[in-house]
Every structure is written in C-alpha cells, then in structure tokens.
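Structure first, then comments.
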Amino acid sequence: MEGSEGSWGGGSMNQMDSNVEDGGTSIKDTCVMEMSSKDYIMEPSIFTCLKRYFQAGGMPEKVVELLSENYSAVAQTVNLLAEWLIMCGLAPTQVQDLVEDHLKDLLLKHFDPKKADTIFTEEGETPSWLESMIAHQKWRQLFYKLAEEYPDCLMLNFTIKLISDAGYQAEITNVSTACTQLEVFSRVLRTCLATILEGGAEEALKQNIPEFAKMVCHAEHTYLYTQVVMAILAQNKNGGTVVRRISQEIQKYAKQKGHDVTHITLALDGATAYPRAQQCIMSMLSKSQLNPGDVTILHKLYSSDDPPPVKLLRFPLFLELFVDSLFTSKGTKINPDHKHKYIFLLAYAASVTEQLYRGDRRKINCDELQQTSQAIDKVHHLVCGGKGQLELMSEIGTLYHCIRYPVVATGVLKWIEQIVSDSTYFEKQMDHTPLHLTLLDEIVSCHVLLHQDVLKLLINLFELAFSNLDTLIQLEMKKTVLDRMVHLMSRGCVLPVISYIRDCSDKEGTDVSLIRHFVTEVLDIICPPYTSDFVHMFLPIIENESITGSLRNEDGNDPVSDFIVHCKTNFIMVT
C-alpha cells in the first residue's frame, strides 16, 4: 500500500512540475516574441511583459539582448528630424502639425478595432494617454472619423462618451456613434438646440439646421426622441414657435432623404383623436400628392360645426402641395369641380385662428376666411388661366391687392419662379423690367418673411447663363436683377444681399461693370449711420480700384470717396 501510494503521490508531483515548466516555457516564448518586435521598449505594455517574463523564470541578459537588438529608435529619429526642420527655419508649430497630421493619416489607415478593444480588457481602466489625447482638438477629430468608420468598436464608443463628459459635445453633432448612446445624444441635442436658438437670425438657422438634421435623422429612434422633446418645448410661450420651426425643418430634411415620418408628425400633433382627418392627410403626405377623394373628406370635416384643429393642415410639406397645385403646373392637376375645395382648405389653413385654454379649443375665428379664399381664387384664375403678359398687366391692380395676403404672395412667388426659370423667358421680353420681376418688388415690400426666398430666386436668375442672348442684353438683364436686390436691401434684407455680392467680387467671376452698377445703386439709397457689420462687408468692395476707380474724382468729392472717408473716420478697420 505504501509503495503504491508513494508511486501515486510521486507521479502527481512529477506531472505538476512538468505543467509548470510547460506553462513557464509558453509564457517565456510569448514574451520573447513580443520583445522581438520593432521598438518594443517604447510600447506601454513593456512593464507588464517584463513582469510576466521574469515570473516565468526568464533571464535578464535575454531581455537586454532582445530589446537592444530590436531598438530602431523611430520616435527618437522623428524628434531628431523635427529639430533639424526647426533649425532650417520652420516654426515649431508647423513642424508639430506635420508630424501630427502624418501620424493621424497612419492611424486612420492602420486602425484595428479588435486590437483597440483589447486596450480595456488588458488594462481594466481608462488609459492615461487616452485622457490626454481627448484634451486636444486634432485627436478628438481623429476619434470622430474613426467612430464614423467603426461604429461597433467599444473603445471608440467609450472614447466618444469621454469626449462628451469632458464638455466637447458641441463638436460631435456629425458622429453617428453619439446617436447610439442616449446620454451622449441628449447632451449633444441640448447643445445644438441652444446654439440654434441663440443664433436667432435666419442665416444662422439655415447654417446650423443641415448638420443638426443629419444627426437627428441618423435612425428612427433618434428622430422620434428629438421630435418628442421639441414637441414639449414648442408648447413654451418663450421660443416655442422657433422650436416648432426647427422641428418642421427636420421633418422636411427627413422627407428629402426618403424617410416617411408622417405618422410620427401626426401623432405628436394629436391627430390620432381625429382618425378620418389623420388618414386623409397621412395618405397624401406619404405619396406627396393630393387626391380629390381625401380633399373632399377634409373639406367636409373642416366645413362642419366642429372641425378638427387647424394645425393638422399646417404641415409645411402639406401646404406646399396645395400651393403647387393652385399656382403652378408642378402640382396635381385640379378638376374644376373640386377646385373650390382645394382653395377652401388652403385658405382655412392660412387664415383661421383658434383660441385655446389649457389645451382645449374655446373659439374658432374665421373672420378672414372668405376674403382669403376670394384672393386665392382670383389669382389662381389669373396665373393658371393661360393669360398673356398684356392681359396680366390690365389686372395688375388685382394682383397687387391680393399679394397682400401671405399665402397668395407665396403662391405668386412659386409661379414667378417657374415662369422666369424658362430659358426662353427673357428672349421674349421687350420691357426693361418685366412684369414678373415687378411683382417680386411688391412681394418684398409686403412680406418680410419671404425675403430669403426672393433672394434665392434672384441669385439663381443672376447666375443663369443665357447663351442665346446677346452679351449686352445679358448684362442689361442682370442689371435688372441687381436692381431687385437693391430694392430687397431697401426693405431690410441688407447683409444677405451684401454678403452675396461680396462673394461675387472675391471670386472674380462676375463682370466688374455689374458690381459697379450695384455699388452705384446702393450708394444712392444709403446714408449714415451704418452698422459695423455692413461697413466691414461693403467697404472692401468700395475700396476695390477695379470696381470703383472710374466712380471717383481727383478732388475726392464723390459718393465713393465720401463713404470711404466716413468709414475710416468712424470705424476701426481690422485687416
């Protein structure tokens, strides 16, 4: 028994020693392989590797041999080259940018998300070098690009959260990864909304909305979450209307990208309480096309004693369908028997107001409904009746009167855009200022909210190439367009117009005589005091000798010189 027991016990010990030896050999081999790699002494994991190697019985002499033989000093060589570049005259910041940009390109090219994820599994905590990296904008931009390319990488997802926690959420509006983390997305959403609301002006709104909408429309859940938040904020009396406008712009963006968000939009506006109206509106919005059946049902509902809320008709995309159908040939062709129903619904959406108390409707005000319907009907008959320019001229008084209604002005603007965009339109014109451009002036005078749309149309006209027209006729036509821009300025749309002309001047692609004409017309209508924004934008155009040289006198007694002297005297010019 003792012999057999001793044999059993001894065999077990020998097996254990063998396992330890095999395990130690395996660990040593792994460590030797790691230390044999190029410049391994510079790797953050060097100390962990050495500890494992020595615990497995590794020899110090082997470590020295491996690390020294495989030391290529890549980082030190880069530092040496950087010092040489500085000695040759380059600024230290330029050298730093060169090195960092090259390293950034290498990281983008060779990044391995699987290896990146092992950083956390091995270290068990946030590496100190990662926290140092996110303190610099250049490396944060690198993480944003990597996160776009590798959305499933845990290390990058965690890094994006670190960046948000550090207060840089305003930078990550275009990062898809941010949309998968509710905490990060909420911060980004709050920051973006605050930025847009604080911007205030229409230009700031248009500049910030596209990037914001792109982030919101990343997925259905981010879209729904954002719209619910904005639906709640829109109920606030202070700034609620602006939030609603932002919400509608996002709906428009989603529709342009091929997403059908009609059901979400209607649900958030309480349409579920009015199933028949909801079904009709959803059907037409989803197909982006009006149809007589649904229009008839809506007409019957809104003609009743207890109609659905007017806000259900006021989706911008829905109103555009009616405007296109009634004022242009782009929309659905309307059966004459149903025309009054289309006109009624558009007029109802444009003119009816409701008095609410704690969410309940107390009163419906339809005082302007009949006049608005008549105005729409009259102008629809004029612009869609195939009348020539002479016939329209005889009805100019009617057009001017009806244009005072915002919904009619919107429709007339759409009609004008369709007419003047025809390449043959200006070939047939005999008047210096065609009727349609004259109507633009009236729209500008009556409706401040349409200024940006009019400017967009004028810019498109100014940039059109009318190859069939004589060069002199083209110049005269473009001067006429510039005169409309000057009129737009006189009605308050100053900086957007000046900004566009400044861009034309800087790009040097526009005939100098046209910019000179614009400058002359503007100087005729302006007088001090001027805002600093206007001066800093307009003065470089005025000071351009090639533009205004022929407008100046030797004695300096001319409008150009007077403006320059006034600006130099009253403003500190920063070059």
Side-chain angles (χ1 to χ4, degrees), residues 137 140-149 151 156-157 159-236 238-269 285 314-320 449 452-453 455-456 495-496 499:
Q137 186 178 19
R140 292 198 301 272
Q141 295 297 331
L142 169 67
F143 286 122
Y144 301 152
K145 286 186 178 181
L146 289 172
E148 291 286 333
E149 191 170 348
L156 293 175
N157 286 334
T159 304
I160 294 297
K161 186 177 184 304
L162 284 181
I163 292 173
S164 175
D165 292 342
Y168 300 111
Q169 58 265 20
E171 295 179 352
I172 56 179
T173 55
N174 63 337
V175 180
S176 300
T177 308
C179 301
T180 63
Q181 304 179 63
L182 180 61
E183 184 181 354
V184 177
F185 183 76
S186 297
R187 288 178 186 163
V188 174
L189 177 62
R190 180 183 61 192
T191 303
C192 290
L193 274 176
T195 302
I196 295 172
L197 292 172
E198 289 169 3
E202 184 72 16
E203 282 298 310
L205 190 67
K206 289 190 174 183
Q207 182 180 353
N208 293 318
I209 282 290
E211 200 64 47
F212 178 57
K214 179 182 176 183
M215 180 193 73
V216 170
C217 295
H218 170 71
E220 190 171 5
H221 68 277
T222 55
Y223 180 88
L224 177 60
Y225 177 79
T226 302
Q227 290 291 22
V228 169
V229 169
M230 288 197 288
I232 296 170
L233 293 176
Q235 298 173 13
N236 195 319
N238 298 324
T241 53
V242 181
V243 174
R244 187 171 183 82
R245 162 74 188 284
I246 296 170
S247 171
Q248 291 171 346
E249 290 291 339
I250 292 173
Q251 293 168 18
K252 203 171 179 180
Y253 179 90
K255 190 72 174 178
Q256 291 170 351
K257 295 299 179 182
H259 306 300
D260 187 2
V261 296
T262 309
H263 57 295
I264 296 176
T265 303
L266 289 170
L268 291 175
D269 272 337
L285 272 178
R314 287 179 174 165
F315 302 119
L317 295 173
F318 194 48
L319 291 177
E320 282 183 17
L449 295 180
Q452 291 294 331
D453 293 324
L455 178 58
K456 182 180 178 181
L495 294 182
S499 176

### Message
Any carboxylate oxygen within less than 4.0 angstrom of a Lys/Arg side-chain nitrogen, looking at R244 and D269?
### Response
yes
### Query
Could K252 and E320 be called an ion pair, given the rule that one side-chain N must be under 4.0 Å from one carboxylate O?
yes
Could you check whether any side-chain heavy atom of [X] comes within less than 4.5 Å of a side-chain heavy atom of [Y], counting everything from C-beta outward?
| X | Y | answer |
| --- | --- | --- |
| L146 | T159 | no |
| K214 | E211 | yes |
| L182 | Y225 | yes |
| N236 | V243 | no |
| D165 | R187 | yes |
| P496 | Q452 | yes |
| Q251 | Q227 | yes |
| N208 | C192 | no |

With rounding to the nearest 0.5 Å, note down the distance linking [atom1] in [X] to [atom2] in [Y].
| X | Y | atom1 | atom2 | value |
| --- | --- | --- | --- | --- |
| T222 | L189 | OG1 | CG | 10.0 Å |
| F315 | T262 | CZ | OG1 | 8.5 Å |
| L197 | R245 | CG | CZ | 12.0 Å |
| L268 | H263 | CG | NE2 | 10.0 Å |
| Y223 | I250 | OH | CD1 | 7.5 Å |
| I163 | Y144 | CD1 | OH | 4.5 Å |

### Query
Should L193 and M230 be marked as a side-chain contact (heavy atoms from CB on, under 4.5 Å) after you check the CA-CA gap, both sets of side-chain angles, and the distance that decides it?
CA-CA 9 Å; L193 274 176; M230 288 197 288; 4.0 Å; yes
### Message
Please determine whether the number of non-hydrogen atoms from other residues, nucleotides or ligands lying under 6.0 Å from atom CD of Q256 exceeds 12.
### Response
yes
### Message
Does E149 form a salt bridge (charged side-chain N to carboxylate O under 4.0 Å, His left out) with K145? I'd like the steps, not just the answer.
### Response
CA-CA 6 Å; E149 191 170 348; K145 286 186 178 181; over 6 Å; no
### Task
Return the minimal non-hydrogen interatomic distance between Y253 and P210, and the atom names on each side.
CE1-O, 4.2 Å
### Task
Specify the closest pair of heavy atoms between T226 and F185, including all atoms of both residues, with the distance to one decimal.
OG1-CZ, 3.4 Å
### Query
Hey, is the main chain of E183 close enough, under 3.5 Å, to the side chain of K161 for a donor-acceptor pair?
no
